[in-house]
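One structure is given below, encoded as structure tokens.
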Amino acid sequence: MKIVFEDIKRLAGSSFRIMVNPKLNDFYYWHFHPEFELTFIVAPSGSTLRIGNYVGDFKDSDLVFIGSNIPHLNFDYGIKTEYEKVVLQIKEDFFKNDFVTTPELAPIYQLFENSKKVICFNGTTRELVGKRLKKIHHLPNFEQFIEVLSLFQRLATSD
């Protein structure tokens, strides 16, 4: 199947887009976009996870950080039961200019660099970040921004 470019629209004045439970499970959407994507999904095992050249089995929950322009299938494709999914998409230039030279953000910048290979998280990191991601859309814009930075700091310092 052909890979489709997804043109992501963010809200004006925001560096990212948060989607909570977008129901795309009946839609096969093999796509890519310049934005970085952090996805947390909780669903029954048995579905197939497709990111770049990787094809694997989905196991109860996944927390995956996908780098810019990496092709992937929507994580909920084919799921026939109830599930929860949160997708955080961040502009590809989020860590340009001053962010690159800010020492406190160095681990997060390195995480974004490492995402070119796709990063999967598990254990307590997956559980903690997943819980926080499920609540982030309830926060005001500035608090969302701070929470996004905090989440990425947690991911960047995770084993």
Seminar exercise, completed: salt bridge (charged side-chain N to carboxylate O under 4.0 Å, His left out) pairs touching residues 105-117, sequence neighbours excluded, are Glu113-Lys116

With [X] via side chain to side chain contact (heavy atoms under 4.5 Å, CB included) - residues at least two apart:
{"X": "His137", "answer": "Ile18, Val20"}
{"X": "Val42", "answer": "Phe40, Ser61, Glu84"}
{"X": "Phe121", "answer": "Leu63, Phe65, Leu111, Ile119, Thr125, Leu155, Ser158"}
{"X": "Glu147", "answer": "Arg132, Ile136, Leu139, Ser150, Leu151"}

Can you name the closest pair of heavy atoms from [X] and [Y] and give their distance?
{"X": "Tyr83", "Y": "Pro22", "answer": "OH-O, 3.8 Å"}
{"X": "Arg17", "Y": "Lys9", "answer": "CD-O, 3.3 Å"}
{"X": "Trp30", "Y": "Pro71", "answer": "CZ2-CB, 3.8 Å"}
{"X": "Leu149", "Y": "Ile108", "answer": "O-CD1, 3.5 Å"}
{"X": "Ser68", "Y": "Pro34", "answer": "OG-O, 2.6 Å"}
{"X": "Ser14", "Y": "Lys91", "answer": "O-CD, 4.4 Å"}

Exercise. What residues join Leu128 in its hydrophobic cluster, counting side-chain heavy atom gaps under 4.5 Å, either direct or through other members?
Worked result: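 Leu128 shares its hydrophobic cluster with no other residue.
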
For this session: Have a look at Phe152 and tell me which of Phe16, Tyr109, Phe112 forms a ring pair (Phe, Tyr, Trp, His ring centres under 6.0 Å) with it.
Result: Phe112

Exercise. Between the main-chain N or O of Phe5 and the side-chain N or O of His33, is there a donor-acceptor pair closer than 3.5 Å?
Worked result: no

